[in-house]
Amino acid sequence: MILVDKNTKVIVQGATGKMGSAHTKRMIEYGTNIVGGTTPGKGGETIHGKPVFDTVLEAVEKTGATCSCIFVPPYLALDAGMEALDAGIKLLVLITEGMPPQDTAKLVAQVKAKDAKLIGPNCPGIITPGQSLIGILPGSIFKSGPVGMVSKSGTLTYEIALALTESGLGQSTCVGTGGDPIKGLDYKEVLSMFEADPATQVIVMIGEIGGNAEEDAADYIKANIKKPVIGFIAGQTAPPGKRMGHAGAIISGGKGTAESKLESFRSNGVLVAMTPKEVAQQAAEALKQPVKAK
Amino acid sequence: MILVDKNTKVIVQGATGKMGSAHTKRMIEYGTNIVGGTTPGKGGETIHGKPVFDTVLEAVEKTGATCSCIFVPPYLALDAGMEALDAGIKLLVLITEGMPPQDTAKLVAQVKAKDAKLIGPNCPGIITPGQSLIGILPGSIFKSGPVGMVSKSGTLTYEIALALTESGLGQSTCVGTGGDPIKGLDYKEVLSMFEADPATQVIVMIGEIGGNAEEDAADYIKANIKKPVIGFIAGQTAPPGKRMGHAGAIISGGKGTAESKLESFRSNGVLVAMTPKEVAQQAAEALKQPVKAK
Amino acid sequence: MNLYEYEAKRIFAEAGIPVPPAARITKPEELAKVHFGYPLTLKCQVMAGGRGKAGGIKFAKDLNEGKSLVKDLMALTIKGSKTESLLVEPKMPIARELYLAVTLDRNRGCAIFIASAEGGIEIESSDNVLTEPIPYPYHGFAGRKLAQKLGLKGAVLNKVADIANKLYKVFENKDLDLAEINPLVITTGDDVVALDGKIIVNDDSIARQKSFAGMEESHLSELSVRERRAKMAGLNLVELEGNIGILCNGAGLTMATMDMVKGFGGDPGNFLDAGGGSDQKKTLEALELVNENPNVDVILLNILGGITACDEVAGALVQFMKRHPERKMIVRLRGNNQDIAEKMLSESGLKLYPDLEEAVKAAVEAAKSAGKKPVGAGKS
Amino acid sequence: MNLYEYEAKRIFAEAGIPVPPAARITKPEELAKVHFGYPLTLKCQVMAGGRGKAGGIKFAKDLNEGKSLVKDLMALTIKGSKTESLLVEPKMPIARELYLAVTLDRNRGCAIFIASAEGGIEIESSDNVLTEPIPYPYHGFAGRKLAQKLGLKGAVLNKVADIANKLYKVFENKDLDLAEINPLVITTGDDVVALDGKIIVNDDSIARQKSFAGMEESHLSELSVRERRAKMAGLNLVELEGNIGILCNGAGLTMATMDMVKGFGGDPGNFLDAGGGSDQKKTLEALELVNENPNVDVILLNILGGITACDEVAGALVQFMKRHPERKMIVRLRGNNQDIAEKMLSESGLKLYPDLEEAVKAAVEAAKSAGKKPVGAGKS
């Protein structure tokens, strides 16, 4: 597994809001080590049996949390992220959708300066099945196993996880990096972690149209990743110039097409799957092969 | 000597302005290794035989400068300093008086982030006699020798340097750190450099009312400096609550008095002189003594 | 949100970026009131790009020619985008053209200048392009550095540096995705002027930008009526040519479902991502939007409930099927509260597909047998 | 530049910081127009601190008492500072008082919050003070963190956090040396209100702060007429009680010269730092300012020319001595262009002292022999 395990101490920023509260409950039920929440002005209350603090600093001092799952409105997300970093949080899981990208850019710069990690924004979060679920993923779909997943998408990740799980393949960790053009962790960083993770034997990388992160990742895989990687790209039928739901999912100026990404996968040794079931089939196949020597 | 010597490559930001031009000429005449100047829009011209560039980056790329002497109007000083840091300059000598202190605070933060050094603002600059004069000090007053000087003041530094020189004592390096409350290098940093500098045998520290940097430095000296230090404080007759010329020279709320500073000198083993001539006498005396063991 | 040229230039002018004197007109007779002296430039105000090549920019040597051009240009539609008005400006004595823009760079994760010593170009296809990361917090040296790298000198260097700094400030203060000046013109008198301007406002930031309040609805002109309605309802709809209407939750899953439809021989009629956590009301509105597309013969609903509760979706389905019992529906519904949803739908006779591939195949089959209507026909 | 309480609170209100409703009056009859309901608070608007202890704050239970208090308070002078007007506010139902300020910290080199859970205090002499470095760029969590460290809870925590954030923004946007709320009041209804406000504008930044344009001259009320004139001329003058007028270039040298005068038994009549690079005209103005102080018997001019050119000073001296041939002058002039200066002054008969100590001793001697006027007498 990477990034999170059953010992990861997690606080929830915005824990008493509607969404924050609902998912705090789910995370606790899943078994995530939720140690508290924050909502300014609600310090001293409890939420689903966990203490609520006024500030992240106070929460960190009193609980030893190292990870924060952030559910705050989009225009407050920058401040929430900055507060987490200031308080020493090292892993930020930022669920919020609709964060202004210039705010994200400012947060990303500070994340780098503080040597922390950011997942998101506009992401489903991260799960190490059976140990820790941080975010909004439906835990019941996942099970523990050898497949590491990294994806820009939420529900598509669930779909593919479901296909894997139903075909008997569990997951080491699944990371949803988010659908925004500006974001924290990208493919390459997650891939390198999976490469180093003994529990991960095969990697599934789920991309979509827009930008060139998949192409970049494919180059990186060829040079650095020995474990088999199965690639999937959504949006092969998307028309150019249209934003397909995710802020980042747009083909513009002829760039960011599915063809370009698939071609780059193929030419860099990434196995290509065209449906969620095919992902599971390829993963099963790859698990039977010996590890590539590079 | 510390910080600068005859090899230090210096550019002058604002080299074609009235003050910049006059002092560029003087510095060149003194023998300072001035390699060029900058004035946006005047790139390609020359000033006193040195090339003028549009940007610091260009100047650094073409001359290898590592130090910049900044003569720009107060409200442009922050931008000029940021430009120098961005271009890789490691020593900024910021002569400008009247820089808004909040601007200085922003510059100081970036200086730290870039691991650079800032002398000033509102300072006379730095001189390693016979090698390099960066700033507006009158070179003829100084001569090379064993006394390291650090001072908040300009003309008072000259007065004391004159007293030293006239009594036959030259200087290793003299640093005028500037009269503003927020500034770059402070006593402690300069003292530690003098301590490590083989050419410096005795240190003269010139302070004035306002703040508690002298008290801090005295504590630091007791703990860290083995070379003899002679302290001088200006403003023993200054009334409280009045700003005495320098933005930082003010006794407020009963703090920053000359008495407090002198007392702190005396109780931490700093020799106290009451006139410039006494500084020279004490320095001469100290040079005869063996180095303290601590 | 894309702004018209005249709006972008108004914002530039407020920020102190020099723009030509200009008048905005819609009728030939208004031209008489324009006092810049001829020749004049007349420019169609349209959202679409490639305006110059499409004949949307003309020069008038006198009032008579001008009036006739106003009439012609106002009638012009460029790439489906109607001319909203004309911007009239004096013709500039151009010595040189540059390109200057600020945008966010996905890979670097920060704002960048994009600049070129060649202006009036298609920046995507130019080789002579400079990209410069912009430091945050911003300082004015960034503009000078850019101007110097563009090879500029003297007064022009300082003017371009100043414009670059102001353009960045506009970009930051107004939460833009793009602030572009193309071309940025150096006149024969060494003035530097923004001759054309393009601004894209970041959609997620409009709500905190008071100066754009209320503009959004009038600036969605490239969207179909239904796409616009979807946007106002917080749904992501993109209409296509096929006859299988697609409704999913989540952008990636919606795209993947479209791709599978195509892969199994069908033709997607739309992309509709209902987003995460949509309730009954929103889902119903989404179903209606898909249903109203006259191309659509079959609706494929694919929900994998994470945040979205399947029972909310089922509630919408029950209502929708009451309203439109004739509509062919293929439904796959899994995840959160799936059991409740199944119970709710058990009386409707609707077959639920647990497997996505099976559902897609069924939708493609159903679409093929549905009237064999030719693809693309009947689009409103 | 210090602002009056009413000016500080106007700035706070513009920034969204809650302040009490208030009226500013100068005459008893204006009180009838104030409609807050009694009891009212009447506060002298003076620059000096310690206003409360000096009787500058009174409470009126009705209009009659109020009118008589207005008359009394308007006549009040506190530490030499005349009452400029009165600020009238309803008396607040105070549950608790806090202290909150933003200033620059010399040692840390950054902005800090200074706060205390006790308000209405002399912050310098309080033990219960929190200082918190402020991150740059600023984010709103800083205010929350501060409020939490103050031990606040619930709605009050959020209100104080919001006020702290706004106070910082005022501090930054207006280039202040100090933005202080003392006390910041929590009312019995859990409202949080800035009951008193103090703003010190940074003198070096006023020229770029348009909202303070033209205010400087009317806000130097603690200065003497000559100190004010010096400030307007770009000179630093502080008048003292002694009879030796001192004029130097550079703050440190001026202070050191004063100290030496005192050390050798004399009494400095002023601090006058002519700054670096003063020309003939500015130096002459400086000499005149020192000369006009009726305490002064002897003028000690000490110039060590670095930027300052000695010949410019000599030119001023020649003119000054023509105007005031009776004035006893002790002059020490060294450095840049010293030779030219000496030539210019050679015909005047003025003795030049190359050595500072000799010059100081001579000035002290001359002052002692000059009429033996008692120290402090005749000060205007």
Side-chain angles (χ1 to χ4, degrees), chain B residues 19 23 74-75 97-106 108-109 124 136-138 140-141 151-159 162-163 179 181-183 206 208-213 216 232-239 242-249 252-255 258 274-277, chain D residues 104-111 122-125 136 171-172 175-177 202-205 207-208 222 227 236 238 240-242 248-264 267-268 271-273 275-277 302-308 334-336 355-357 360:
Chain B
M19 196 171 167
H23 287 284
Y75 296 166
E97 183 179 352
M99 182 172 179
Q102 294 197 40
D103 284 5
T104 310
K106 288 165 191 169
V108 165
I136 60 173
L137 311 99
S140 60
I141 284 173
S151 171
K152 279 181 180 174
S153 163
T155 44
L156 178 56
T157 308
Y158 315 159
E159 187 71 53
L162 185 66
I182 310 290
K183 59 185 166 190
I206 304 163
E208 64 187 27
I209 54 162
N212 64 351
D216 248 24
F232 181 95
I233 297 293
Q236 300 171 47
T237 48
K242 298 281 188 177
R243 177 172 144 168
M244 305 301 276
H246 284 158
S252 57
K255 288 184 182 157
M274 301 305 280
T275 69
K277 264 194 193 153
Chain D
L104 281 170
D105 183 281
R106 282 175 183 240
N107 299 329
R108 293 183 180 92
C110 70
E122 292 273 332
I123 198 72
E124 288 92 349
S125 51
Y136 176 80
F171 175 82
E172 185 180 10
D175 270 319
L176 306 184
D177 283 339
N202 179 255
D203 286 334
D204 287 329
S205 308
R208 71 178 181 186
E222 284 193 316
E227 285 173 340
N236 295 301
V238 177
L240 303 163
E241 308 286 308
C248 306
N249 60 328
L253 184 58
T254 313
M255 282 191 276
T257 305
M258 283 166 60
D259 293 349
M260 284 171 74
V261 163
K262 188 85 178 176
F264 286 109
D267 253 312
F271 165 98
L272 200 163
D273 163 20
N302 176 23
I303 300 291
L304 187 57
I307 317 181
T308 308
R334 287 196 66 168
N336 183 13
D355 183 88
L356 175 54
E357 283 194 20
V360 169

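Not measured: the values here are computed from a predicted model. Here is how names work: the chains are called A, B, and so on, in the same order as the sequence lines, proteins then strands, and each is numbered from 1.
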side-chain contact (heavy atoms from CB on, under 4.5 Å) for B:H246 and D:T254? Distances and angles first, verdict last. CA-CA 11 Å; B:H246 284 158; D:T254 313; over 6 Å; no
For the residue pair D:V238 and B:M244, establish whether any side-chain heavy-atom pair is separated by less than 4.5 Å. yes
Starting at CG of B:D103, measure out to CZ of D:R208 and round the result to the nearest 0.5 Å. 4.0 Å
Would you say the side chains of D:N107 and B:N212 form a donor-acceptor pair under 3.5 Å? yes
Residue from B:K277, B:E208, B:K183 scoring the most non-hydrogen pairs under 4.5 Å with chain D is B:K277
Chain D: which of B:K106, B:M99, B:M19 shares the most heavy-atom pairs with it under 4.5 Å? B:K106
Pick from D:A256, D:G275, D:P268: which one has the most heavy-atom pairs with chain B under 4.5 Å? D:A256
Does any non-hydrogen side-chain atom of D:F171 lie less than 4.5 Å from one of B:Q102? yes
Ignoring hydrogens, what is the shortest heavy-atom contact between D:G252 and B:S153? Give both atom names and the distance. CA-OG, 3.5 Å
Top contributor to chain D contacts, counting heavy-atom pairs under 4.5 Å, from B:G211, B:P276, B:P74, B:P239: B:G211
Per-residue tally against chain D (heavy atom, under 4.5 Å) across B:L162, B:T104, B:I209 peaks at B:L162
Given that the side chain runs from C-beta out, which part of D:N302 has a heavy atom under 4.5 Å from chain B: side chain, backbone, both or neither? side chain
Give a yes or no on whether the backbone of D:N249 and the side-chain of B:T155 come within a donor-acceptor separation of less than 3.5 Å. yes
B:P100 versus D:S205, closest heavy-atom pair with distance: CB-OG, 3.1 Å
Which heavy atom in D:M255 sits nearest to a heavy atom in B:A234, and how many Å separate them? CB-CB, 3.8 Å
B:Q236 side chain to D:M258 main-chain N or O, any donor-acceptor pair under 3.5 Å? no
Under 4.0 Å between a side-chain nitrogen and a carboxylate oxygen: does that hold for D:D273 and B:R243? no
Strictly by modelled atom types, are B:T237 and D:D259 linked by a side-chain donor-acceptor pair under 3.5 Å? yes
Report which part of D:R334 has an atom under 4.5 Å of a heavy atom belonging to chain B: side chain, backbone, both, or neither. side chain
Assert top hit (heavy-atom pairs under 4.5 Å, partner chain B, pool D:G250, D:G109, D:C110, D:G263) equals D:G109
Considering only heavy atoms and a distance below 4.5 Å, find which of D:V360, D:L176, D:T257, D:L272 pairs most often with chain B. D:L176
Check whether B:E159 reaches the backbone of D:L304 with its side chain - one donor and one acceptor, N or O, closer than 3.5 Å. no
Residue pair D:D204 / B:G98: nearest heavy atoms and the distance that separates them: CB-O, 3.4 Å
Let's test your reading of the structure: which of B:A105, B:P138, B:P181 forms the most heavy-atom pairs below 4.5 Å with chain D? B:P181
Heavy-atom pairs under 4.5 Å with chain B, option from D:D177, D:N236, D:D203 with the top count: D:N236
Rounded to the nearest 0.5 Å, how far apart are CG of D:D105 and CD1 of B:I182? 7.0 Å
Are D:N202 and B:P101 packed together at the side-chain level, in the sense that at least one heavy-atom pair is separated by less than 4.5 angstrom? yes
Do the side chains of B:D216 and D:R106 get nearer than 4.5 Å, heavy atoms only? no
Please name the pair of heavy atoms, one in B:M274 and one in D:M260, separated by the smallest distance, quoted to 0.1 Å. O-CG, 4.5 Å
